[in-house]
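What follows is a set of notes on a single structure, which appears directly below.
Remember, predicted model here, so these are calculated numbers, not experimental data. In what follows, residues are counted from 1 in the order of the sequence shown.
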Amino acid sequence: MAREFQRGHKAKISDLTAGTDLYVGVQIAAPGLTFDISCFGLDAHEQLSDDRYFIFFNQPKSPEESIQLLGAQAGDTESFRVTLDAIPAAIQKLSFTATLDGAGQMSQIGPGYIRIVAGGEEVVRYSFTGSEFTTERAVMLGDFYLKDVWRFAAVGQGFDGGLDALLKNFGGEIAEEEPPPAAPAAAPGFAPPAQAAAPPAFGAPPPAPQPAPAFGAPSAPTLPPAPQQPMHAAPTIAAPLAPQAPQAPQAPSPYGQPQQPHQPHQPQFGQVPGQGAPPAAPFGQQPPAPYGQPAPAPYGQQPPVGMPPGVPQGVPAAGAGLRAALQPYKETATGQRWTPQNQQLMRVDLTMGGSGVLARQGSMVMYQGKVDFGYKSAGFVGRAVGNATGQEMQLMRCNGRGQVFLAEEGSHLHPIELQGDAICVSAESVLAFDESLHYEVRRVEGHGIPGGALFTMQFQGTGTVIVKTHGTPVVLPVTPTTFADCNAVVAWSAASQVIVSTQVRLRRNAYPGHSGETVNLQFRGAPGNFIVVQPYEV
C-alpha cells in the first residue's frame, strides 16, 4: 500500500521498497497552462556542477543513463526512470521540479502529485494542490538525496521567478539558444523497428486498458494527434509591458489656419475615454477629483479616519485581491503531527504516528480526509472516579488518515511533547492528547481545597498533550517559596511536590476587608521543575 506524504515528510528509500530501479511520475495540470518538468542532478553542495545532469525535454538522459526522461504515460504528465545504483558518486541529490512555460501562477493548478513506483506498485505519493502556492512559477516537488543511504523528501517549495530563479538557486544560468544549422540529408541507414506500446521493464505502472466495443457498435473514429506546441525556443522572460512614452504637445497652428488633426491621447488613470483633461481649478481652490474618486479633503483637513487617502467610502481599497487579503490566514503545514494554526486552533495529522488521538467531545472544528470519530468510554470505574474527584473527561477517539482541527471556546492552546517524562494537568485544562500516553487521576496532598481541586490528571509516556488556557500563561521555576492560587494553576512537572497551604482563620473571616485568598498551593522540588499559571481564575 502506498504511503501518503505531506510537505516536509522524509523517509529512507529502503523503508519504502527494496528496489533501486524506480519509476518517478509527476501529475500537474491547469487549464490553459503548459508545464516543463525536469530533474536536476546536484553535487554535495546542492549545485548543478555538471550540466549533463540537467534532465529535461532537450536532454532526456544522463551520460550513463541512470536518469532518463520517459514522457507522459500511465496517467502521469511526465515520468522518469531512476537507477540509484548507477548514479555516479559526484551526484548527491536529484531534485524533481515543475516550471510554467508562459504566463500563470502555481496557485492555478489543480490536484497533482509526485509518486514513486517500484516493480509496478506505487510505494509513496506526495499530493499537492494550488491552494498550497500563491505567485510561484517554479516548484521543487520532491528530492532524492544521499545521506548515508538514498532517501526521499516531499518538498513543495516554489520560486516566483520561474525557471530563471530555479537555475540560479542551483548555481546554473540560462544561455541564449541559437537555432541549430540544418543537417544535410543523409542516405538512409540502419534503423530499428518502432517499439510497441508496453510498460517499461523496470516496473512502470501499466496504462489503463481500453474497454471493448459493444456488439454492433461502430468503432470510435481515430482523432489525429494534436500538433505539438514549440517549447522553449528561447528563454522564458516575464517582464511588464513598457509604458508608452508621453507625446509631445502639438504646436499651435498659425493665425487664421485650421488646427491640424491629431491622434487621440491615452486617457489618464480615472478619466473616461473620450473626455479631455479636466479644467484647471481657480486659484486657491481644490482641483476636481478624477472620475470615480471622491473629492479630496479641503486644505488643512485630514481624510476620514479608517479610510486610506483617495479611497471612496463604501468601496474596498485596491490591493492584490481576495487571495492577498486571506493570505495571513492560510493553513500552516509544518510536516509535524501537531501544528498550531493560531493561538486558538490546533491541527493534528492522523497520517503521522501509529496511534489515534483522544480529544474532548465537541472540540472538532473541521477535518480533511477519511477520519472516524468514536465515543471513548471511561468505564464504570472511570466514571465513578471522575465524578468523585472532579477529573472526569468526556472524550472522543479520532482515527483514520487525514487532518483534524480542534478548538474550544477560544481558549489558547499549547502542545506539550513528552519524551518518557510526566506532567500533571487539571482535566478541565486538557483539550486533546495522543492515545499512546498513559493517564490517571493523582491526589494532591492537603486538606479542604474547595471546588473539588484536590485531584489532578497525570500524563506520562511518549506523545503530546494539548493544554488550553485562558489567555497567555506564564511558566515559573519551582522554588521553596513558590505559591499559586489553586484555581489559576494549569499544570506542573510531575516531579514537583505539591502541598496545600491554607490561611483560613476563624477571626479573619469576620473582617469585612478579607482578601479572599485563603487556599494556595505550595510547590517544592529540585531545580528544573516548573509550574504553568494562567491569568484567569476558574
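- Donor-acceptor pairing under 3.5 Å is lacking for the side chains of Tyr329 and Asn342.
- Here CD1 of Ile416 is found 10.0 Å from CZ of Phe459. Values are rounded to the nearest 0.5 Å.
- When every heavy atom of Gln458 is checked against every heavy atom of Ala494, the shortest pair comes out as OE1-CB, 4.1 Å.
- A donor-acceptor contact under 3.5 angstrom links the side chains of Ser62 and Glu64, judged on distance only.
- Between the side chains of Gln73 and Ser79, at least one donor N or O sits under 3.5 Å from an acceptor N or O.
- A salt bridge links Glu408 with Arg360: the distance from a Lys NZ or Arg NE/NH1/NH2 to an Asp or Glu carboxylate oxygen falls below 4.0 Å.
- No option in Phe56, Phe170, Tyr53 other than Phe170 meets the side-chain contact (heavy atoms from CB on, under 4.5 Å) test with Phe40.
- Residues Leu418 and Ile423 are in side-chain contact: their nearest non-hydrogen atoms beyond the backbone lie under 4.5 Å apart.
- Without hydrogens or angle criteria, Glu78 side chain to Ser38 main chain gives no donor-acceptor distance under 3.5 Å.
- Under 3.5 Å, the side chains of Asp434 and Ser355 contain no donor-acceptor pair of N or O atoms.
- The structure places OG1 of Thr135 at 3.5 Å from CG of Asp160, a figure rounded to the nearest 0.5 Å.
- The aromatic ring centroids of Tyr126 and Phe152 lie 6.0 Å or more from each other.
- Side chain to side chain, Thr129 and Ser131 meet the donor-acceptor criterion of an N or O pair below 3.5 Å.
- Gln27 pairs by the side chain to side chain contact (heavy atoms under 4.5 Å, CB included) definition with Ala29, Thr77, Tyr113, not counting sequence neighbours.
- Here the straight-line distance linking atom OG1 of Thr83 with atom CG of Asp21 works out to 4.0 Å at 0.5 Å rounding.
- With sequence neighbours excluded, no residue satisfies ring pair (Phe, Tyr, Trp, His ring centres under 6.0 Å) with Trp338.
- For Phe96 and Phe80, the gap between ring centers is short of 6.0 Å.
- For the atom pair Lys61 NZ and Cys39 SG, the distance stands at 15.0 Å (nearest 0.5 Å).
- Counting only N and O atoms by type, the side chains of Thr351 and Asp349 include a donor and acceptor under 3.5 Å apart.
- Inspection of the Ser493 and Ser496 side chains reveals an N or O donor paired with an N or O acceptor under 3.5 Å.
- The side-chain heavy atoms of Arg337 and Val348, taken from C-beta on, include a pair separated by under 4.5 Å.
- Side-chain atoms of His414 and Thr469 include a donor-acceptor pair closer than 3.5 Å.
- Around atom NZ of Lys330, more than 12 heavy atoms belonging to other residues, nucleotides or ligands sit under 6.0 Å away.
- The shortest side-chain heavy-atom distance between Tyr145 and Leu94 does not fall under the 4.5 Å cut-off.
- Residue Tyr367 qualifies as open at atom OH: its count of foreign heavy atoms under 6.0 Å is 12 or below.
- Nearest heavy atom pair, residue His470 against residue Pro535, reads O-CD, 3.3 Å.
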